[in-house]
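Have a look at the structure below, then the notes.
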Amino acid sequence: MTTSNSRSAKKPRRQQILESFAKMLEANPGGRITTAALAKEVGVSEAALYRHFPSKTKMFEGLIEFIEETIFTRANMIVAEETLNAVERCEKILALYLAFAERNPGICRILTCDALAGETERLHLRVVQFFDRLETQLKQILREAELREGLHFKLSIAETVSLWMSTAEGRVARFVRSRFRDIPTQSWQAHWNCLTEGFVAEPA
């Protein structure tokens with residue numbers, strides 16, 4: 001993104017806070033982040049921190065909004081790609097999710113709810129809504145494939161997408177559990193091929 005010369009090259013304070021928050025989530029796996037520690041990391045007072053975010057919940061929500069905007073903006077571009085078939089679209093969307101988690105270790109602790117222990121239920125519901133939306137998008141792709149491409153699946157669409165989502169989510173959970181050593185994208189294509197082999201039913 002380009003900015004005018006009249007603007008400061010320095011990042012907006014709100015963005016600095018969220019980036020520092022994500023960095024601390026990565027550096028302290030399994031630990032809780034206090035606003036005092038975050039203010040020290042950013043280099044401001046806690047009062048200054050609260051001028052941008054009235055609570056830590058709002059900081060978490062800011063990171064969840066970043067997740068949603070990044071994933072779904074790119075997922076919609078994948079859906080619109082006419083050269084891809086339905087299965088390829090689903091694979092690319094799940095690969096996008098895995099790559100995002102890999103590039104953002106601290107933030108992916110939110111996706112596994114590891115970082116939300118003891119936080120408000122509203123944040124847990126936001127994460128549930130994120131995955132519901134992602135799953136719905138994959139189901140819609142397969143439903144349209146049934147109508148437009150005449151595909152029929154050995155499992156129901158719901159069961160198929162559940163299997164795919166469980167595999168992808170499990171990879172990210174393992175990434176967090178391993179303290180970010182077990183890379184979620186590793187061998188993904190080979191595993192995807194196994195997941196989709198023979199999943200299209202033969203015509204009746």
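Every value quoted in this text rests on a predicted model; they were computed, and no experiment measured them.
Taking the side chain as every heavy atom from C-beta outward, Thr160 and Leu138 never approach each other to under 4.5 Å. Residues Gln16 and Glu19 have side chains not in contact (no heavy-atom distance under 4.5 Å, counting atoms from C-beta outward). Counting only heavy atoms from C-beta outward, the side chains of Pro29 and Val176 never approach each other to under 4.5 Å. Counting heavy atoms from C-beta on, the side chains of Ile64 and Phe130 never come closer than 4.5 Å. Side-chain contact between Leu94 and Met165 is present, with at least one heavy-atom pair separated by less than 4.5 Å. In this structure the side chain of Val42 reaches within 4.5 angstrom of the side chain of Arg13, judged on heavy atoms. Residues Met59 and Leu49 are in side-chain contact: their nearest non-hydrogen atoms beyond the backbone lie under 4.5 Å apart. Residues Phe60 and Thr120 fail the side-chain proximity criterion, which asks for heavy atoms closer than 4.5 Å.
Between Leu63 and Leu18 the shortest heavy-atom distance is CD2-O, 3.8 Å. In terms of heavy atoms, Glu26 sits closest to Phe180 at O-CE1, 3.4 Å. Nearest heavy-atom pair, Asn76 versus Gln137, reported as atom, atom and distance to 0.1 Å: OD1-NE2, 3.0 Å. Taking both residues in full, the closest heavy atoms of Asn28 and Arg109 are given as O-NH1, 3.1 Å, listed atom of the first, atom of the second, then distance. Considering all non-hydrogen atoms of both residues, Leu96 and Arg74 come closest at CD2-CB, 3.7 Å. Shown here for Ala173 and Thr112, the closest heavy-atom pair between the two residues is CA-CG2, 3.9 Å.
The main-chain N or O of Asp132 is found under 3.5 Å from a side-chain atom of Thr136 such that the two form a donor-acceptor pair. Counting only distance, with no hydrogens or angles, the side chain of His124 and the backbone of Cys113 share no donor-acceptor pair below 3.5 Å. With hydrogens and angles ignored, the 3.5 Å screen pairs no side-chain donor or acceptor of Ser187 with any backbone N or O of Ala190.
There is no path of hydrophobic side-chain contacts, each under 4.5 Å, that joins Tyr97 to Met77. Under the 4.5 Å side-chain heavy-atom criterion for grouping Ile, Leu, Val, Met, Phe, Trp and Tyr, Ile183 is not connected to Leu98 through any hydrophobic cluster. By the rule that hydrophobic residues join a cluster once side-chain heavy atoms approach within less than 4.5 Å of another member, Phe72 and Ile67 end up as members of one cluster. When hydrophobic clusters are built by joining Ile, Leu, Val, Met, Phe, Trp and Tyr residues whose side-chain heavy atoms come closer than 4.5 Å, directly or via intermediates, Phe175 is not grouped with Leu25. There is no path of hydrophobic side-chain contacts, each under 4.5 Å, that joins Val128 to Leu116.
Between the CZ atom of Arg89 and the CD atom of Gln140 there is a distance of 12.0 Å, given to the nearest 0.5 Å. Note that the CG atom of Asn85 and the SG atom of Cys90 stand 9.0 Å from one another [nearest 0.5 Å]. Put simply, CG on Leu134 and CG on Leu111 are 10.0 Å apart, with the number rounded to the nearest 0.5 Å. Within the model, atoms CD of Gln15 and CZ of Phe66 stand 9.0 Å from one another, a figure rounded to the nearest 0.5 Å. To the nearest 0.5 angstrom, Glu88 atom CD is 10.0 Å from Glu81 atom CD. Atom OG1 of residue Thr167 and atom CH2 of residue Trp192 lie 9.0 Å apart, to the nearest 0.5 angstrom.
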* Report the C-alpha distance between Arg126 and Glu68 in whole Å, list the side-chain angles of each, state the deciding distance to 0.1 Å, and finish with yes or no for side chain to side chain contact (heavy atoms under 4.5 Å, CB included). => CA-CA 10 Å; Arg126 283 289 299 270; Glu68 293 170 337; 3.1 Å; yes
* To do: Walk me through it: do Ile17 and Val44 pass the test side chain to side chain contact (heavy atoms under 4.5 Å, CB included)?
  => CA-CA 10 Å; Ile17 293 169; Val44 298; 5.6 Å; no
* Step-by-step side chain to side chain contact (heavy atoms under 4.5 Å, CB included) determination, Glu61 to Phe53 -> CA-CA 10 Å; Glu61 287 181 335; Phe53 293 96; over 6 Å; no
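Of the charged side-chain nitrogens involved, at least one lies within less than 4.0 Å of a carboxylate oxygen, so that Glu119 and Arg32 count as a salt-bridged pair. A salt bridge links Lys139 to Glu135: one of the charged nitrogens lies within less than 4.0 Å of a carboxylate oxygen.
Crowding of Glu121 atom CD: a count of heavy atoms from other residues, nucleotides or ligands under 6.0 Å exceeding 12. The number of heavy atoms from other shown groups lying within 6.0 Å of CZ (Arg174) does not exceed 12.
Side chains of Trp164 and Glu91: a donor-acceptor N/O pair is absent below 3.5 angstrom, by distance only. Counted by atom type alone, Thr185 and Glu102 present one or more donor-acceptor pairs between their side chains at under 3.5 Å. Checking Asn193 against Gln189 by side-chain atom types alone, a donor-acceptor pair falls below 3.5 Å.
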